[in-house]
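So the structure is just underneath, and the comments pick up after that.
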Amino acid sequence: MGNLSTENAAHNRIAGLLDAGSFVEIGGAVTARTTDFNMQEKETPADGVVTGYGVIDGNLVYVYSQDSTVLNGAIGEMHAKKIAAIYDMALKMGAPVIGMIDCAGLRLQEATDALEAFGKLYQKQAMASGVIPQITAVFGTCGGGAAVIPAMTDFTFMETKKGKLFINSPNAIPGNTVEKCNNASAVFQSEQTGSVDATGTEPEILAEIRSLVCMLPCNNEDDTSYEECLDDLNRRCTDIAGAAEDGAVMLSIISDSNIFFETKRNYAKDMVTGFVKLNGMTVGAVANRSKVYNADAEVEMEFDGSLSADGAAKAADFVAFCDAFNIPVLTLTNVSGYTASEYDEKHLAKAVARLTYAFANATVPKVNVITGKAYGSAYVAMNSKSTGADMVYAWPSSQIGMMDASLAAKIMYAGQEPDVIREKTAEYRELQSSPISAARHGYVDTIIEPEDTRKYVIGAFEMLFTKREERPVKKHGTV
């Protein structure tokens with residue numbers, strides 16, 4: 001077993017991440033081989049990165065942890081090759097790769113050798129994408145080309161105070177300063193760019209990664225993400241209707257023992273993505289949100305219930321990950337239309353196209369529960385029956401159609417008396433926007449009571465467990 005130093009942060013992070021005594025170091029004797037600029041006179045133990053393997057709750061994982069005490073953790077030729085070698089082993093064994101980043105960028109003394117090895121690392125990440133889960137944690141500096149490394153992985157965590165993630169540092173951006181916009185900060189990267197799934201202290205991040213690994217399959221063929229369910233499969237969710245405006249709360253309510261791991265939790269909060277457990281099985285979840293409640297059930301943030309560009313893009317990436325790793329997808333739909341703003345108008349069409357494609361292209365079991373409004377093509381994009389949902393449920397209070405019934409009546413009967421508008425509103429609601437109407441047309445499979453949501457979705461995923469679905473033969477889509 002590797003010797004874990006009590007003084008070395010790189011080793012300490014590995015020790016905090018893995019099961020006690022499970023780490024085996026690989027390539028510990030490797031050092032830099034360049035002699036340019038008198039590099040042979042400098043000590044480069046392990047060439048600035050500790051690599052090896054171990055287990056998390058019994059699950060095999062491969063890890064690398066950069067050592068900032070060696071040339072500030074700068075990435076040289078052998079440094080990058082060691083990480084690439086870990087990827088090779090992980091791909092052969094079908095196990096996740098976890099990287100802990102703390103580096104000063106590329107090693108200038110090695111120039112093209114470092115660039116070549118760096119490029120090979122990118123290639124390994126590309127080959128591993130969709131085959132094994134990739135997770136990174138930024139504990140120190142991660143700038144320039146190094147910032148592409150976490151961007152190519154599936155999940156990224158960032159230490160709140162010391163973590164710095166950027167392509168261009170704040171002062172390198174014309175007209176900007178750190179005080180004006182600290183684009184390298186954990187707050188900026190988690191809230192504005194969506195590059196980071198969660199932030200926190202070092203111990204918090206290591207604990208989060210352990211939790212995440214235990215929910216994910218080890219690769220795209222084998223699935224170890226099942227565990228015994230100690231929760232009642234028929235448990236009635238008596239308080240779920242009151243939480244209909246916050247998808248995160250609803251997902252927590254229906255999940256086994258209220259387990260919910262939220263991804264990109266500080267970004268595009270009008271859309272919720274994350275993993276729940278249903279009868280011991282990991283399920284990817286996507287939910288609209290119009291209100292954000294804190295632990296004290298107080299409203300922290302409000303949205304208008306529409307589908308935003310950032311929310312759609314966030315959900316599209318998440319669904320694509322779930323499909324790649326054969327993780328079923330649950331959707332809780334409550335959307336009133338599209339967000340109207342200059343920013344969204346610039347990005348919405350493409351983002352919604354990506355979301356629609358992600359759901360339509362996914363061959364995993366897909367279940368949709370309409371909990372509130374389901375209006376227009378925004379509803380169609382949210383895993384509707386027409387775009388491939390296997391089972392669609394709706395609460396009795398849900399509203400499904402082109403738009404709000406009163407607005408539709410005003411448009412169709414413009415200029416009519418208020419009494420006529422009221423009468424036609426009720427008629428439109430009955431004929432066109434009620435869940436019963438949608439069920440009569442086959443767009444909703446079953447109307448369920450809110451408190452029975454957990455029971456029905458568990459039953460649906462059990463029924464869909466052996467689902468097989470083919471797609472047209474092609475290299476890949478282009479959406």
Side-chain angles (χ1 to χ4, degrees), residues 16 57 135 137 155-161 163 185-192 194-216 227 229-232 235-278 280 282-305 308 310-311 314-315 318 330-335 369 371-372 395 450-454 457-458:
D57 199 21
I135 301 170
F155 304 98
T156 300
F157 299 84
M158 192 169 175
E159 202 277 334
T160 305
K161 295 181 179 179
S185 70
V187 171
F188 183 88
Q189 291 295 333
S190 63
E191 295 182 4
Q192 300 298 317
S195 299
V196 173
D197 288 278
T199 62
T201 64
E202 189 169 308
E204 289 171 344
I205 288 173
L206 297 177
E208 292 237 39
I209 294 175
R210 286 183 61 87
S211 297
L212 177 59
V213 166
C214 293
M215 295 197 78
L216 298 177
E227 60 186 34
C229 176
L230 302 177
D231 199 350
D232 182 2
R235 172 169 56 81
R236 291 172 66 83
C237 306
T238 55
D239 50 353
I240 193 171
E245 293 174 307
D246 192 335
V249 176
M250 282 195 292
L251 291 170
S252 177
I253 290 173
I254 67 173
S255 181
D256 297 350
S257 303
N258 305 122
I259 297 170
F260 175 49
F261 189 98
E262 187 175 357
T263 60
K264 288 185 171 42
R265 59 194 67 163
N266 294 320
Y267 178 68
K269 288 190 173 184
D270 59 296
M271 182 70 77
V272 180
T273 58
F275 300 104
V276 295
K277 285 284 187 180
L278 294 172
T282 295
V283 172
V286 176
N288 302 113
R289 176 163 56 184
S290 55
K291 289 184 180 179
V292 180
Y293 293 104
N294 60 21
D296 298 320
E298 298 170 335
V299 177
E300 285 188 339
M301 194 177 296
E302 291 191 56
F303 305 97
D304 63 4
S308 70
D310 289 345
K314 170 181 172 179
F318 181 78
L330 167 68
T331 314
L332 302 183
T333 299
N334 185 6
V335 64
V369 181
T371 62
W395 290 359
E451 55 264 32
D452 293 328
T453 301
R454 170 176 163 81
V457 295
I458 287 177

Donor-acceptor check, side chain of N258 to backbone of S252, threshold 3.5 angstrom: yes or no? yes
Rounded distance (nearest 0.5 Å) linking atom SG of C214 with atom CD1 of I209: 12.0 Å
Using a 3.5 Å distance criterion without hydrogens, assess whether the side chain of T453 forms a donor-acceptor pair with backbone atoms of P450. yes
On a heavy-atom basis, the closest approach of E262 and A248 is OE1-CB, 4.3 Å
Heavy-atom side-chain contact between D256 and L230 under 4.5 Å: no
Using modelled atom types and a 3.5 Å cut-off, is there a donor and acceptor pairing between side-chain atoms of T160 and backbone atoms of G200? yes
With distance as the sole test, does R289 use its side chain to make a donor-acceptor pair with the main-chain N or O of D270 at under 3.5 Å? no
Answer yes or no: is there a side-chain heavy-atom contact under 4.5 Å between V196 and Y267? no
salt_bridge(R210, D57) N-O dist < 4.0 Å: no
Report yes if the side chains of R265 and D197 come closer than 4.5 Å at any heavy-atom pair, otherwise no. no
For the backbone of M158 and the side chain of T199, can you confirm whether one donor and one acceptor N or O come within less than 3.5 Å of each other? no
Using the side chain to side chain contact (heavy atoms under 4.5 Å, CB included) rule, take L251 and F261 through it: C-alpha gap first, then chi angles, then the decisive distance, then the call. CA-CA 10 Å; L251 291 170; F261 189 98; over 6 Å; no
D310 side chain vs A268 backbone, donor-acceptor pair below 3.5 Å: no
Show the nearest heavy-atom pair for residues I254 and L278, with the distance to one decimal. O-CD2, 3.6 Å
Salt bridge (Lys or Arg N to Asp or Glu O under 4.0 Å) evaluation trace for R236 with D452: CA-CA 6 Å; R236 291 172 66 83; D452 293 328; 2.9 Å; yes
Cationic N near anionic O, under 4.0 Å, D231 to R235: yes
For K277 and S257, which I'm curious about, is there any donor-acceptor pair between the side chains at under 3.5 Å? no
Do the charged groups of K264 and E191 touch, with an N to O distance under 4.0 Å? no
Intermediate values then yes/no, side chain to side chain contact (heavy atoms under 4.5 Å, CB included), I135 and F157: CA-CA 8 Å; I135 301 170; F157 299 84; 3.8 Å; yes
Residues in side-chain hydrogen bond (donor to acceptor under 3.5 Å, both in side chains) contact with T263, at least two apart in sequence or another chain: T273
Tightest non-hydrogen contact, residues A243 and M250, listed as O-CG, 3.3 Å
Closest heavy-atom pair and its distance - E227, I259: OE2-CD1, 4.4 Å
Verdict with supporting geometry, T333 and T371, side chain to side chain contact (heavy atoms under 4.5 Å, CB included): CA-CA 6 Å; T333 299; T371 62; over 6 Å; no
Applying side chain to side chain contact (heavy atoms under 4.5 Å, CB included), run through I253 and F260 and close with a yes or a no. CA-CA 9 Å; I253 290 173; F260 175 49; over 6 Å; no
Using 30° and 60° as the class limits, which term best fits the ring planes of F155 and F275: parallel, tilted or perpendicular? perpendicular
M301 versus K269: any side-chain heavy-atom pair under 4.5 Å? yes
Tell me, which pairs form a salt bridge (charged side-chain N to carboxylate O under 4.0 Å, His left out) where one or both residues lie in residues 293-305, sequence neighbours left out? none
Polar side-chain atom of E204 near backbone of T201 as donor-acceptor pair, under 3.5 Å: yes
